[in-house]
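Beneath this line is the structure, given in structure tokens, with notes to follow.
FYI, the numbering just counts along the sequence from 1.
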Amino acid sequence: MTAYEPPGEPGADAGPAQRADPAAYDAVVLAGGAARRLGGADKPGVRVGGRALLDRVLAACGGARTTVVVAAPRPTARPVTWAREDPPGGGPLAALGAGLRPVTAEHVVVLSADLPFLQERTVGRLLGTLRASGTDGVLLTDPDGRDQPLVAAYRTRHLHETLELLAARHGGLDGLPLRRLVAELDLTRVSDPVASFDCDTWDDIATARARIREHGHVLDEWISAVKDELGIDLDVDTRALLDLARDAAHGVARPAAPLTTFLVGYAAARAGAGPEAVAEASRKAAALAARWAEESSAKTQPAASDQSASSGRSAAAAQPDVAPDATPDTRPDAG
């Protein structure tokens, strides 16, 4: 039986000169379920859009000061702290109790590991609503109006106290359903049918895989997957980069598009690798592409009425776009 062990006072180890950051939060991700409806498959490791479900959730709470994952350790795209209920398999409340022990932030985001469409802005919305409210927590509801207590933000102290109360009342947290926790807390509810979508069955997995390949989602999904794969945590103006690629392709040559965006990234990395560096490198490359296109479309030959000059006129004079010091091409195969 798992007895709940509340941690010390949040922030108690901080020195007198340290102050709590009101915007800071911790995250607890529950990733140790049996996945019976998936035939016992390793659900957190199932890939959607080329990324494990767990990694997708970790990206959504990437702003957390500390992220605790309650499960057996495994490779992840982001660093985490591992925890485990004792004994394993005690259910979501027992897992939550174990995951909360390292948490010290005033607010904690609690998530399941099977949320393919959860994004960082949704986590921010939960936290913003919590900070503006006087309730114990804020959770999402699904399209049918059902509570999703594992897509939520809570006041850490109230969550600790409620788990301690439930453990004392029931002799531990093993086997207790999440509704016992929900019933004890004063909660604000926010409807979000997309972010609350979880993957319990293979049909759910198929739905998620199909949706991220729809035209309106595929580019953002791909960019997020690439950044995770390469370990890049950088928000840039993708529309500006796409405009640059289009201009390079149309104004110069089609292969110029990927090569130009690569060079922009390389230049931005040398200049500090922040979003401002990317924007500045993109601006310079876009201006160059515009000049190139203008030059290509400009008339480089004099008008027919101006071609009455003597035949002894130099080639450089007849072709004003040739530099004055250019030398003729004397190769035998020169055109």
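- Here the shortest heavy-atom pairing between Arg254 and Pro258 reads O-CD, 3.7 Å.
- Hydrophobic clustering of Ile, Leu, Val, Met, Phe, Trp and Tyr side chains at less than 4.5 Å, counting indirect connections, keeps Val29 apart from Phe117.
- Side-chain contact between Thr188 and Thr135: present, with at least one pair of heavy atoms (C-beta onward) separated by less than 4.5 Å.
- At distances below 3.5 Å, at least one donor-acceptor pair connects side-chain atoms of Arg213 with backbone N or O atoms of Arg209.
- For the atom pair Leu93 CG and Arg180 CZ, the distance stands at 9.0 Å (nearest 0.5 Å).
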Please test His107 against Leu130 for side-chain contact (heavy atoms from CB on, under 4.5 Å), starting from the C-alpha separation and ending with a verdict.
CA-CA 9 Å; His107 302 125; Leu130 177 63; 3.5 Å; yes
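- Val70 and Leu166 fall within the same hydrophobic cluster, where Ile, Leu, Val, Met, Phe, Trp and Tyr residues are linked whenever their side-chain heavy atoms come under 4.5 Å apart, directly or through other members.
- At least one donor-acceptor pair under 3.5 Å links the side chain of Asp136 to the backbone N or O of Asp186.
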List the steps and the verdict of side-chain contact (heavy atoms from CB on, under 4.5 Å) for Val138 and Tyr154.
CA-CA 6 Å; Val138 178; Tyr154 299 97; over 6 Å; no
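- No side-chain donor from either of Thr201 and Asp203 sits under 3.5 Å from a side-chain acceptor of the other.
- Looking only at side-chain heavy atoms (C-beta outward), Leu30 and Leu111 stay at 4.5 Å or farther from each other.
- If you run salt bridge (charged side-chain N to carboxylate O under 4.0 Å, His left out) between Lys43 and each of Asp204, Asp114, Asp198, only Asp114 comes through.
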Go through the steps to decide whether Gln148 and Leu139 satisfy the test side-chain contact (heavy atoms from CB on, under 4.5 Å), and finish with yes or no.
CA-CA 6 Å; Gln148 300 295 313; Leu139 54 74; 5.7 Å; no
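- At a threshold of 4.5 Å between non-hydrogen side-chain atoms, the residues Leu58 and Val69 count as touching.
- Residues Ala31 and Ala113 share a closest heavy-atom pair of CB-CB, 3.6 Å.
- The existence of a salt bridge linking Asp26 and Arg65 is confirmed by a sub-4.0 Å separation between a basic side-chain nitrogen and an acidic carboxylate oxygen.
- Between the side chains of Thr81 and Thr66, no donor-acceptor pair of N or O atoms lies under 3.5 Å.
- The CD atom of Glu280 sits 5.0 Å away from atom NZ of Lys284, with the distance rounded to the nearest 0.5 Å.
- Minimum interatomic distance between Ala153 and Leu127 (heavy atoms only, all atoms of both residues): CB-CD2, 4.1 Å.
- Summarising the geometry, atom CD1 belonging to Ile205 is positioned 5.0 Å from atom CG belonging to Leu53; distances are rounded to the nearest 0.5 Å.
- Across Ala257 and Ala245, no two heavy atoms sit closer than the pair CB-O, 3.3 Å.
- Nearest approach of Phe197 to Ala208, heavy atoms of both residues: CE2-CB, 4.4 Å.
- A salt bridge is defined here as a Lys NZ or Arg NE, NH1 or NH2 lying under 4.0 Å from an Asp or Glu carboxylate O, and Glu164 with Arg169 fails to meet this definition.
- A distance of 8.5 Å separates OG1 in Thr67 from CZ in Arg78, rounded to the nearest 0.5 Å.
- Using a 4.5 Å cut-off between side-chain heavy atoms of Ile, Leu, Val, Met, Phe, Trp and Tyr, with links allowed through other members, Val48 and Leu118 fall into different hydrophobic clusters.
- Put simply, CG on Asp192 and CZ on Arg125 are 5.5 Å apart, with the number rounded to the nearest 0.5 Å.
- Around the CZ atom of Arg179, the shell of radius 6.0 Å holds no more than 12 heavy atoms that belong to other residues, nucleotides or ligands.
- Rounding to the nearest 0.5 Å gives a distance of 7.0 Å between CG of Leu140 and OG1 of Thr122.
- Taking the charged nitrogens against the carboxylate oxygens, Asp147 and Arg189 do have a contact shorter than 4.0 Å, which makes a salt bridge.
- For the pair Leu181 and Leu159, the minimum side-chain heavy-atom distance is below 4.5 Å.
- Taking 4.5 Å as the limit, every side-chain heavy atom of Arg155 sits out of range of all side-chain heavy atoms of Glu161.
- Looking only at side-chain heavy atoms (C-beta outward), Arg74 and Trp82 come within less than 4.5 Å of each other.
- Note on Trp202: it clusters hydrophobically with Ile212, by side-chain heavy-atom contacts below 4.5 Å among ILVMFWY residues.
- Residues Ala59 and Arg51 come closest through the heavy atom pair CB-NH1, 4.0 Å.
- Criterion: ILVMFWY side-chain heavy atoms under 4.5 Å apart, direct or through other members. Under it, Leu38 and Leu54 are not part of a common hydrophobic cluster.
- Using a 4.5 Å cut-off on side-chain heavy atoms (C-beta onward), Tyr25 and Val123 make contact.
- A donor atom on one side chain and an acceptor atom on the other are not found under 3.5 Å apart for Arg146 and Ser196.
- A salt bridge between Asp55 and Arg47 is absent, with no side-chain N of the basic residue lying under 4.0 Å from a carboxylate O of the acidic one.
- Side chains of Val28 and Val103 form a contact here, defined as non-hydrogen atoms less than 4.5 Å apart.
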